[in-house]
Amino acid sequence: MKFFYDKVSALLQGIVSNNYKITLDYPVWELPSRQKFGDLSTAAPLKIASKLGKNPLEIAQEIKEDLGKRVSENIKKIEIAKPGFVNLFFSESLLISELKEIIKYKQDYFKGNNNRKVLIEFVSANPTGPLSIAHGRQAVVGDVIANLLEAQGNQVKREYYLNDQGRQIDLLVLSAKERIKEIEGKECHIPEGGYQGEYLKDVARAYLKEGNGGSLYQFCLCYIQSLIKADLDKLNISFDDWFSQKKLIEEKKVEEAIEALKEDGFVYEQEGALWFSSTKFSDDKDRVIKKSDGTLTYFASDIAYHYNKCRRGYDKLINLWGPDHHGYIGRVKSALKALGYKRKDLLTVVIIQLVSLKSKQKMSKRAGKLIRFSELINEVGKDAARFYYLTRKDSSHLDFDIDLAQKSSFDNPLYYIHYVCARIESIFKKANSPLDEEFSKYLEEPQELDMVRFLLQFPLCLQKSYYSLEPVFIIEYLKELASMFHKFYEKVRVLGDDPKKTKARLNILQATKEVLYFGLGILGIEPIEEM
RNA sequence: GCGCCCGUAGCUCAAUCGGAUAGAGCAUCGGCCUUCUAAGCCGAGGGUUGCAGGUUCGAUUCCUGCCGGGCGCGCCA
């Protein structure tokens with residue numbers, strides 16, 4: 001679909017007054033609070049004026065006259081505002097004809113036509129234990145970003161990078177071994193830096209019962225991977241692929257990548273170790289890829305992993321990492337450039353900030369242990385967990401308020417949104433009159449047109465989220481939409497005495513429902529038909 | 001010491017590549033149910049945007065320097 005504002009924008013872009021290029025500042029989806037400034041606004045006169053040393057109001061006047069001549073049938077009025085804005089107000093017929101498009105095309109109205117092959121890698125928590133609440137946030141944000149990418153028409157693969165080799169795994173297996181000893185009544189010493197968690201006792205017990213003397217390493221890995229999968233399943237998140245680091249190493253992909261770097265002269269030896277000269281790109285210092293004891297670093301396999309992603313033909317890579325990895329971005333990007341993948345926006349790393357829990361009952365304080373992600377889900381449920389994980393920007397620390405998420409009252413924004421679904425469904429159940437094509441002239445209340453305006457801005461919200469990879473904007477939009485709907489509901493009675501007006505208003509409800517359901521669909525949250 | 005994130009109403013947060021009167025929700029106070037679900041709506045109070053400069057028509061936003069908070073700076077993964 002070509003979005004409404006794209007169409008209008010295209011309409012206006014043909015208009016260049018005396019070679020002034022007009023850029024459109026508004027609308028954005030926050031518009032209702034600024035509605036007096038019009039449906040579209042531009043500060044172009046100010047910018048042009050400062051360049052040319054002219055009076056901005058005179059330039060605004062020129063633009064107004066030029067626009068007025070060319071798009072009069074779709075524009076109700078054009079205003080000039082100090083110190084040099086031009087504000088356009090759309091005609092009602094333009095707004096309503098677009099509302100009809102939403103009702104006609106339904107969910108397809110919001111879909112984009114990008115077509116990139118995108119690989120999004122997220123969570124990728126070490127398989128040494130169940131997920132933490134911070135991983136939960138990465139999981140939800142990653143899943144929603146993937147939904148957004150898909151809705152914009154891209155081919156998306158969700159991938160989990162499984163660090164199934166290395167010291168952490170060794171420590172895990174050693175710790176499990178000690179737990180087995182413990183169960184067998186022998187002395188038990190969890191190694192320095194090992195894993196103390198209760199779940200390892202479960203692993204040990206399960207191994208003794210069903211392990212049949214097989215590889216403890218294999219058993220631990222499978223067991224814990226299934227724990228992680230179960231946690232993700234509670235959020236309704238699944239991955240297309242679990243990419244094994246071990247396999248990468250066994251298949252000599254790391255050596256291959258190092259060879260490729262060597263060929264181009266980006267590798268050197270010093271003090272018995274092998275270094276990648278990442279400072280030749282945009283890193284602070286060079287990085288070791290093979291240690292002096294001959295083993296490879298984690299970074300080396302990460303180079304190979306990203307090399308592999310590119311060779312699989314993806315033209316866009318997105319990684320979601322925790323804030324402890326931010327220092328890592330430069331070296332991975334450097335490696336990709338060194339390997340010949342120079343496209344500037346090839347790799348985007350989204351840093352997801354940490355999560356803390358807030359609750360009056362001190363459920364998180366149990367003997368200083370970290371609260372497990374699965375406990376959180378059990379407390380608040382899938383939809384509330386998904387919703388609240390998305391209420392802050394990726395780059396902001398999130399304080400998860402468990403009490404609020406559990407509340408079924410009006411200060412819980414998810415309930416506020418769900419209440420819209422319930423009210424709409426309830427009206428449709430009682431209405432039983434079909435939608436009418438010829439409703440345009442029966443929409444005249446300000447609340448009705450406000451609803452239409454706001455609904456038409458939803459694609460802008462989607463685009464904003466899409467380009468910034470910030471799902472929070474959809475949350476904010478839906479909260480605003482809910483607020484507008486409840487106002488509309490109070491002021492304008494849908495099922496009234498005038499059947500023409502009723503039909504017209506049912507059209508608004510229908511379009512609201514399409515927007516709401518599409519938005520919730522992206523967020524992975526179920527609508528509720530009855531409350 | 002260096003890098004990243006953050007600092008906005010009593011609390012939790014918004015504020016569109018720099019835009020117009022810095023907005024919501026909670027909490028507080030006051031109104032609205034014989035009518036589509038009051039889990040809602042309407043109204044009031046509440047601000048020197050951490051501090052000090054700079055850039056310009058215009059700064060919460062950009063730059064510099066401080067103050068305060070979080071995280072990271074390995075031949076760990």
Side-chain angles (χ1 to χ4, degrees), chain A residues 23 25-31 33-34 36-37 41-43 46-47 49-50 55-56 81-85 87 126 128 163 165-171 193 245 270-275 284-285 287-299 301-302 322-330 351 353-354 356 358 391-399 401 404 407-413 415-416 418-420 422-431 460-461 464 467-468 472-473 476 479-480 482-483 485-497 502 505-506 509 530-531:
Chain A
T23 58
D25 294 352
Y26 305 144
V28 287
W29 55 270
E30 290 95 334
L31 188 84
S33 58
R34 297 179 175 267
K36 61 195 155 202
F37 302 131
S41 172
T42 178
L46 288 162
K47 281 160 193 165
S50 69
N55 181 350
K82 279 190 274 186
F85 297 99
N87 299 326
N126 280 340
T128 51
N163 300 128
Q165 174 160 354
R167 176 171 306 170
Q168 299 308 316
I169 294 294
D170 294 345
L171 278 169
Q245 183 191 10
Q270 193 181 315
E271 294 163 15
L274 210 57
W275 295 71
D284 314 334
K285 38 185 163 180
R287 309 290 174 177
V288 171
I289 46 182
K290 193 184 258 178
K291 295 178 260 181
S292 48
D293 66 3
T295 57
L296 296 163
T297 61
Y298 177 79
F299 178 46
S301 48
D302 229 9
D324 50 336
H325 284 73
H326 81 261
Y328 214 80
I329 300 172
I351 297 295
Q353 289 292 326
L354 295 174
S356 54
K358 197 169 82 179
T391 53
R392 298 283 172 272
K393 278 191 189 152
D394 305 336
S395 59
S396 291
H397 181 94
L398 171 67
D399 213 11
D401 189 334
L404 182 61
K407 246 188 207 172
S408 45
S409 70
F410 59 90
D411 52 349
N412 176 340
Y415 271 81
Y416 188 67
H418 271 154
Y419 194 30
V420 178
R423 279 181 153 175
I424 290 176
E425 291 301 335
S426 172
I427 292 175
F428 273 124
K429 262 176 217 158
K430 291 189 180 164
L460 296 166
C461 160
K464 190 176 170 187
Y467 287 116
S468 59
V472 68
F473 297 131
E476 293 294 325
K479 277 158 75 173
E480 183 73 33
S483 170
F485 175 79
H486 291 310
K487 276 175 201 169
F488 166 84
Y489 182 93
E490 296 289 338
K491 281 269 161 74
V492 182
R493 203 184 152 76
V494 176
L495 304 178
D497 301 329
T502 291
R505 288 166 186 171
L506 285 172
L509 290 197
E530 223 173 275
M531 290 174 83

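Below, each value reflects all heavy atoms present in this structure, side chains not excepted, and no hydrogens, waters or symmetry copies. A, B, ... follow the sequence lines: proteins, then strands. Residue 1 opens every chain.
A search for side chain to side chain donor-acceptor pair (under 3.5 Å) contacts involving A/S356 returns A/H397, A/D399, not counting sequence neighbours. Scored by the side chain to side chain donor-acceptor pair (under 3.5 Å) test, A/D497 finds no partners at all (sequence neighbours excluded). Residues meeting the salt bridge (charged side-chain N to carboxylate O under 4.0 Å, His left out) test with A/E530, sequence neighbours left out: A/K429. For A/R287, the salt bridge (charged side-chain N to carboxylate O under 4.0 Å, His left out) criterion is met by A/D283, not counting sequence neighbours. With sequence neighbours left out, the ring pair (Phe, Tyr, Trp, His ring centres under 6.0 Å) criterion links A/Y298 to no other residue. Considering only residues two or more places apart in sequence or on other chains, A/Q168 meets the side chain to side chain contact (heavy atoms under 4.5 Å, CB included) condition with A/N126, A/T128, A/L171, A/Y195. Take A/D284 and apply the side chain to side chain contact (heavy atoms under 4.5 Å, CB included) test, not counting sequence neighbours, and it matches no residue. By the salt bridge (charged side-chain N to carboxylate O under 4.0 Å, His left out) test, A/K290 is found to be paired with no residue, residues two or more places apart in sequence or in another chain being considered.
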Atom pairs and distances, donor-acceptor, side-chain atoms in residues 485-492 of chain A, under 3.5 Å, two or more places apart:
| residue | atom | partner | partner atom | Å |
| --- | --- | --- | --- | --- |
| A/H486 | ND1 | A/R423 | NH1 | 3.0 |
| A/H486 | NE2 | A/Y416 | O | 3.2 |

Dump every N/O contact between nucleotides 33-35 of chain B and the protein below 3.5 Å, one line per pair.
| residue | atom | partner | partner atom | Å |
| --- | --- | --- | --- | --- |
| B/U35 | O2' | A/R493 | NH1 | 2.9 |
| B/U35 | O2' | A/R493 | NH2 | 2.9 |

In B/S/- notation (B base, S sugar-phosphate only, - none; protein heavy atoms under 4.0 Å), nucleotides 70-77 of chain B written 5' to 3' is --SS-BSB
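Counting only Watson-Crick and G-U wobble pairs whose two distances sit under 3.5 Å, RNA chain B takes part in these stems of three or more pairs: B:1-7 with B:67-73, B:10-13 with B:23-26, B:28-32 with B:40-44, B:50-54 with B:62-66.
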